[in-house]
K.L.:
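The structure under discussion is supplied below as structure tokens; questions concerning it will follow.
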Amino acid sequence: MSTAANAERAGRPLVPRAHSLCAVLRKVLGRLLGRLSRKRLLVPFRERAAPAKIAVKSVGHTYRGRGQVVALENVNLDIHHGQMVCLLGPSGCGKSTLLYALAGTVEPSGGHVTIDGKEVKGPGPDRLLMFQDHALFPWLTVRQNIVFALRARGLDRRECERRAHEYIHLVQLDGFERSLPHQLSGGMRQRASLARALSMDPAVLLMDEPFGALDAQTRGQMHNLLQRIWMRQRKTVVFVTHDIREALVLGDRVVVMAGRPGRILWDLEVRLERPRDPDDERLVTLSRQIRTALREAQAQSRPMAGAGGEGRENAEELDGAGSGSSLDGGAAAGGVPHPAGAHLGAGG
Amino acid sequence: MLRGFLHLADDGRLLKAVARSLGRLLQGYGISVLIGVPLGIATARLRPLRLTVKPIVMGLQSLPSICWLPLAILWFGLSESAILFVVVMGSLLSIAISTEDGVSSIQPQLLQVAGTLGIRGPRFYGGVLVPAALPGIVTGLKLGWSFAWRALMAGELLFVSGGLGQLLVTARELLDVAQVMAVMVAIVAIGVVMDRILFQAVEVRVRRRWGLEAP
């Protein structure tokens, strides 16, 4: 560095050799660092001393219907302020139930969920739930959707308009303010829905496979957008997905869950710099690691599961998902009734 | 027939009768809407009402509205109220049923998102529930209108007290076929204008805006 500076000061052009030397050094160093850190890209999440933003303490939930379905059993999870946590698991593993317990739309049959130390009882203005379906009001334009939601919070009209404008710009929907939801593409609708959610400025954003119904390309764009916004605003986000790659792209932490009964298998911290690229070699490797580990875990639990048929069915499902990175395989694995109704059941 | 029509129109009887009938219709229909829409929403939203009121409403729906006339005459006497009662009973039920249908077929996600966005109380009912159910409600209003129109005509025919129905009866008593047909044409014309032009236009506009129909 200093030689280059001296050379410049002396009025001579930079020696090309110095350039290439620097580049080689950087490459070697980078590769060394990469190799060193590769093993540490995914580490078990270590509990922090700081009080948790969201605390889930020994939460269990059983759906009563024809035969009891244990959706969650003794789940403990601390989520800290500003974290983006992905709940990852096959359908029927209780990840959505856990999310709805955080949202307050499902009251767990056991345990406690607290946010900032206060027990969750019903939906509240500090948490906002986003669905796979955009759930925009179909009779209102994009701008009106945002303004209407903000007006319900008691903001004055000018402030609402200002925020609507700001967030429409943030999700790159400029020029579509006056469009009705049915006039937009799937990705644009989901962006409008995201804008509406963010404009409410919730402390916690809860997302239930919000990009599950989008095509792969659009989903990639949404991941980029969400990462950029998150890097700027650092909201606490809990994101439910069955897509390993998606979880790794988005999450600071990936909480891997398994079903029957719904429980947490691993709580992993992802140490990749942002914004992350889904085709990043390291990310692809990590995704393969998780899939392999899941298959092993599945194989181990099979003999213990007793009802062998069920276990095999699940393992096949995971194997079948080898080409993509989906845990779902499209088939509905569990008999767990979905808390939000049939709409959410359809996997990507 | 044309002569009969011109004759009726000329001496102002037709106009007077139309005005009288439409006045009654508007009154009866207005009452039906004011009761029917809230009743439909309440039956859709409240479980006890759904279990008790809905079967009654569905059952009464199969009763032709003119069958209410004897009861109406016993209760209200030979008065304006009796015929209004028949009109109301004719349209109220179909409005309530369509509204109930519209409300219960709202996407559950829309209601859930309203909850998580913190939209409650009057803002919820006026800003979310009614607009979301509006396609169903408009269909109910259209149905209710045509039922009200039929009920009114039947009532006016049987229970004579002015209006187009009475004009029809008078014409029959005078054996004036031209006049009978002229009044019938007038009745059809009013029905078509209201139904096709007014309600159809509103319905199509609502369905387009809601994205239920390609523009």
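Protein chains get the first letters and strands the later ones, always in sequence-line order, with residue 1 at the start of each.
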K.L.:
Pick one of side chain, backbone, both or neither for A:Leu128, based on which atoms fall under 4.5 Å of a heavy atom in chain B.
P.N.:
both
K.L.:
Salt bridge check, B:Glu156 against B:Arg24: does any charged N sit closer than 4.0 Å to a carboxylate O?
P.N.:
yes
K.L.:
Measuring heavy-atom distances to chain B, does A:Leu206 have an atom under 4.5 Å in its side chain, in its backbone, in both, or in neither?
P.N.:
neither
K.L.:
Please state whether the side chain, the backbone, both or neither of A:Ala135 comes within less than 4.5 Å of a heavy atom of chain B.
P.N.:
both
K.L.:
Could you list all the ring pair (Phe, Tyr, Trp, His ring centres under 6.0 Å) pairs where at least one residue sits in residues 67-101 of chain B, not counting sequence neighbours?
P.N.:
B:Trp68-B:Phe85, B:Trp75-B:Phe85, B:Phe76-B:Phe85
K.L.:
Is it the side chain or the backbone of A:Ser199 that comes within 4.5 Å of chain B heavy atoms, both, or neither?
P.N.:
neither
K.L.:
Please indicate whether B:Arg205 has more than 12 foreign heavy atoms, meaning atoms of other residues, nucleotides or ligands, lying under 6.0 Å from its CZ.
P.N.:
no
K.L.:
Measuring heavy-atom distances to chain A, does B:Val128 have an atom under 4.5 Å in its side chain, in its backbone, in both, or in neither?
P.N.:
both
K.L.:
Just by modelled atom types, is the B:Leu164 backbone N or O under 3.5 Å from a matching donor or acceptor in the B:Ser21 side chain?
P.N.:
yes
K.L.:
Show me the donor-acceptor pairs within less than 3.5 Å that the side chains of residues 131-139 of chain B make with the rest of the protein, sequence neighbours left out.
P.N.:
from, atom 1, to, atom 2, distance (Å)
B:Thr139, OG1, B:Pro135, O, 2.9
B:Thr139, OG1, B:Glu203, OE2, 3.1

K.L.:
Look at A:Asp201 together with A:Lys235 and state whether they make a salt bridge at an N to O cut-off of under 4.0 Å.
P.N.:
yes
K.L.:
Quick check on A:Leu150 against chain B: is it the side chain, the backbone, both or neither that has a heavy atom closer than 4.5 Å?
P.N.:
neither
K.L.:
Counting heavy-atom pairs under 4.5 Å with chain B, which one of A:Arg151, A:His134, A:Gln183 comes out on top?
P.N.:
A:Arg151
